[in-house]
Amino acid sequence: MTEVNSSNTRDFKRTLGLVDATSLVAGSMIGSGIFLVSSDMARDVGCAGWLIVAWLLTGVITLIAALSYGELAGMMPTAGGQYVYIQRAFGKFTSFLYGWTVFAVIQTGVIAAVAMAFANYTSEFVASFDPKHNAPDYIAVFSPKNILFHIGSFAINAQQVLAVTLIVFLTFINTLGVKGGAGVQKVFTSAKLLALFGLIIFGLFVGLKTNVFGNNFTNSFSATQTYQAVKDGPWLTRPLSGVLLLAVFGMTLMNSLFSSDAWNNVTFIAGEIKEPQKNIPKSLFLGTLIVTVLYISANLAYLALLPLKGSPLGADVASRGMQFAEMGRVGTAAATVIFGNVATVMMALLIMVSTFGCNNGIILAGARLYYAMAKDDLFFKRAERLNKFSVPAFALWIQCIWASLLCFSGTYHDLVIYCTFASMLFYIVTISGLFVLRKKEPLAERPYKAFGYPLFPALYILIAIAICVNLLFMDTYNSIAGLIIVAIGVPIYFVQKMVRK
């Protein structure tokens with residue numbers, strides 16, 4: 001099936017195969033999270049057993065969701081992915097709310113956050129080669145402290161400029177054709193998979209020769225939470241059990257779920273994938289499975305190299321442990337045990353590669369959703385036009401502009417947190433669409449059927465609802481903020497509908 005553009009004669013070209021699609025799934029999932037969030041999770045649950053359970057459960061529910069999306073992708077192998085699925089099951093209003101939230105923050109906010117992470121580690125990498133970097137008054141060239149100019153009270157720093165430069169560069173690359181963007185994706189995904197695999201192998205090889213792993217798994221399910229009652233206050237510890245354990249576990253699960261997100265981006269580019277009815281379900285399964293195995297293995301390697309518990313006043317990586325790895329960089333702390341001080345430079349380079357490839361995949365995919373919205377008169381009309389390379393260049397640049405502004409806003413991290421809740425809600429809505437469409441369109445062609453239907457999709461919905469309810473109680477402010485961002489789309493929908501009439 002060829003995607004036809006109503007504004008001109010150009011079509012999407014189905015040039016991407018299974019390897020390209022799988023690379024997009026895995027590459028979009030692996031950013032900087034796997035190297036950072038385990039430190040927060042170790043403080044939340046305080047034991048190796050529940051930490052690994054969190055990553056296992058994340059992998060299981062991500063795989064269930066991916067396999068459920070496989071059926072929808074097979075039914076609707078067109079550009080727009082999840083937006084198209086929601087519309088077919090629930091109508092334009094619901095799909096617009098999803099598209100609005102994706103544009104407002106889910107896609108663009110993540111692009112901004114990942115670009116800033118790239119700029120942060122680039123600053124660290126470059127500074128490590130400067131002989132003056134240990135001086136007390138040293139400011140790295142790409143440091144947020146390197147203020148380039150002020151506009152009143154508003155300041156622009158070098159790190160923000162580098163982040164925006166990355167977004168603009170990757171957007172430009174992707175306007176030159178999907179093969180170019182996919183080629184970049186394959187190269188960088190391969191590089192970071194190999195590097196992460198190497199870290200795991202070396203980590204287990206070195207770590208299992210010590211007693212660290214065994215010590216971490218002694219009383220491996222004795223959960224405790226280490227927390228600060230007030231910001232910058234003393235660190236307190238409390239035992240966890242029963243309802244409190246479930247509540248804290250549900251909160252910390254958001255760390256691993258966010259690190260495993262963006263797997264659905266491949267559905268946005270369905271119009272450019274060969275044999276999408278076969279290749280999209282396969283790529284969803286293979287990509288999420290590969291990343292799940294790597295994430296669990298990486299955490300086992302961390303537990304083989306570093307004590308889970310530590311002190312914020314520790315003098316070295318071992319005494320600080322996973323819980324208090326410097327700036328949360330548990331991946332760097334683990335690599336330091338293997339490679340010594342050079343690990344800081346190595347991990348900075350690895351995370352630069354990882355975030356570069358991650359952002360390329362997110363940028364490539366997001367514009368296709370806005371293209372689909374434009375075809376329904378729910379986005380800027382020019383976004384449905386394809387350029388001479390058969391890509392929606394205008395949609396790419398609109399995405400680029402908004403993501404760049406979020407870099408300068410200084411609030412993009414908050415926006416991403418707010419919409420984690422909203423993103424989970426839309427996963428629930430989409431997988432609920434499976435049940436709706438099975439009833440509404442029982443005779444529709446389904447080249448692939450969701451694995452374990454109806455049990456597994458229903459299980460995902462129940463788990464996701466439980467996580468959302470838990471978030472409403474445990475993180476009410478951010479959850480409500482996420483709902484408000486979604487709700488802002490309601491008047492926008494009706495206003496633009498009246499304007500069209």
Side-chain angles (χ1 to χ4, degrees), residues 28 31 79-83 95-119 151 154 156-157 159-175 181 258 261-262 264-265 268-269 355-356 358-385 387 391-420 422-423 426 481-482 484-493 495-496 499:
S28 297
Q82 189 170 343
Y83 164 82
S95 65
F96 173 81
L97 292 182
Y98 171 69
W100 152 255
T101 310
V102 167
F103 177 73
V105 74
I106 291 177
Q107 203 82 356
T108 51
V110 171
I111 289 170
V114 173
M116 289 298 289
F118 172 86
I151 305 174
F154 179 72
I156 293 178
N157 63 59
Q159 192 168 98
Q160 292 169 324
V161 171
L162 179 59
V164 171
T165 302
L166 174 70
I167 295 170
V168 172
F169 174 72
L170 288 175
T171 298
F172 173 72
I173 291 295
N174 279 283
T175 63
F258 184 76
D261 207 0
N264 62 322
N265 278 354
F268 299 162
I269 63 165
T355 49
F356 188 98
C358 176
N359 235 2
N360 180 71
I362 297 170
I363 288 169
L364 184 158
R368 277 65 179 175
L369 185 148
Y370 315 134
Y371 161 87
M373 292 180 70
K375 286 178 72 81
D376 292 332
D377 295 323
L378 296 176
F379 200 72
F380 299 105
K381 196 62 180 172
R382 283 188 62 189
E384 71 168 310
R385 297 180 186 174
N387 68 7
V391 296
F394 180 81
L396 280 163
W397 287 118
I398 287 291
Q399 175 182 255
C400 171
I401 291 168
W402 183 241
S404 298
L405 290 174
L406 290 180
C407 287
F408 292 119
S409 72
T411 60
Y412 54 89
H413 285 301
D414 294 334
L415 292 171
V416 171
I417 294 170
Y418 298 159
C419 272
T420 300
S423 183
F426 283 114
I484 290 172
I485 291 173
V486 177
I488 290 171
V490 176
I492 292 175
Y493 175 81
V495 167
Q496 59 85 29
V499 169

- Message: I'd like to know if the side chain of N157 and the backbone of Q159 have a donor-acceptor N/O pair within less than 3.5 Å.
- Response: yes
- Message: I need the I106 CD1 to I485 CD1 distance, nearest 0.5 Å.
- Response: 9.0 Å
- Please round to the nearest 0.5 Å and tell me the distance separating atom OG of S423 and atom CZ of F258. 9.0 Å
- Query: Less than 4.5 Å apart, any side-chain heavy atom of L162 and any of L166?
  - Reply: no
- Please state whether the rings of F356 and F169 are parallel, tilted or perpendicular, taking 30° and 60° as the class boundaries. tilted
- Task: Taking all non-hydrogen atoms of both residues into account, name the closest pair between Q399 and I362 and its distance.
- Result: OE1-O, 4.2 Å
- Find the distance between NZ (K381) and NZ (K375) and round it off to the nearest 0.5 Å. 8.0 Å
- Task: Heavy atoms only: give me the nearest A119-A163 pair and the separation to one decimal.
- Result: CB-N, 4.1 Å
- Task: Begin with the C-alpha distance, continue with both residues' side-chain angles, and end with the deciding distance and a verdict on side chain to side chain contact (heavy atoms under 4.5 Å, CB included) for Q107 and L369.
- Result: CA-CA 10 Å; Q107 203 82 356; L369 185 148; over 6 Å; no
- Item | Side chains of I398 and Y370 in contact at under 4.5 Å (non-hydrogen atoms) | no
- Task: State, yes or no, whether a side-chain contact exists between P392 and R368 at a heavy-atom distance under 4.5 Å.
- Result: yes
- Item | Donor-acceptor contact present, side-chain N174 to main-chain I363, <3.5 Å | no
- Item | side chain to side chain contact (heavy atoms under 4.5 Å, CB included) between I488 and W100, intermediate numbers included | CA-CA 9 Å; I488 290 171; W100 152 255; 3.6 Å; yes
- Message: Centre-to-centre under 6.0 Å for F268 and Y83, is that the case here?
- Response: no
- Task: With rounding to the nearest 0.5 Å, note down the distance linking OG1 in T108 to CD1 in I401.
- Result: 12.5 Å
- Message: Could you check whether any side-chain N or O of N264 sits under 3.5 Å from a backbone N or O of Q82, counting only pairs where one atom can act as donor and the other as acceptor?
- Response: no
- Gap between atom CD of Q496 and atom CG of L378 - 0.5 Å precision: 5.5 Å
- Would you name the heavy atoms of A372 and A79 that are closest together and state the gap between them? CB-O, 3.6 Å
- Task: List the atom of A104, the atom of L406, and the distance in Å for their closest heavy-atom pair.
- Result: O-CD1, 4.0 Å
- Task: Would you check, one step at a time, whether the test side chain to side chain contact (heavy atoms under 4.5 Å, CB included) holds for T171 with I167?
- Result: CA-CA 6 Å; T171 298; I167 295 170; 4.1 Å; yes
- Task: Applying side chain to side chain contact (heavy atoms under 4.5 Å, CB included), run through D376 and F96 and close with a yes or a no.
- Result: CA-CA 10 Å; D376 292 332; F96 173 81; over 6 Å; no
- Please name the pair of heavy atoms, one in A403 and one in A112, separated by the smallest distance, quoted to 0.1 Å. O-CB, 3.6 Å
- Would you indicate whether the side-chain heavy atoms of Y98 and V486 approach each other to under 4.5 Å? no
- Query: Would you say the side-chain atoms of N359 pair up with the backbone N or O of T355, donor to acceptor, closer than 3.5 Å?
  - Reply: no
- Shortest non-hydrogen contact from A393 toward N387: CB-ND2, 3.5 Å
- Message: When you compare the side chain of W402 with that of W397, does any pair of heavy atoms fall below 4.5 Å?
- Response: no
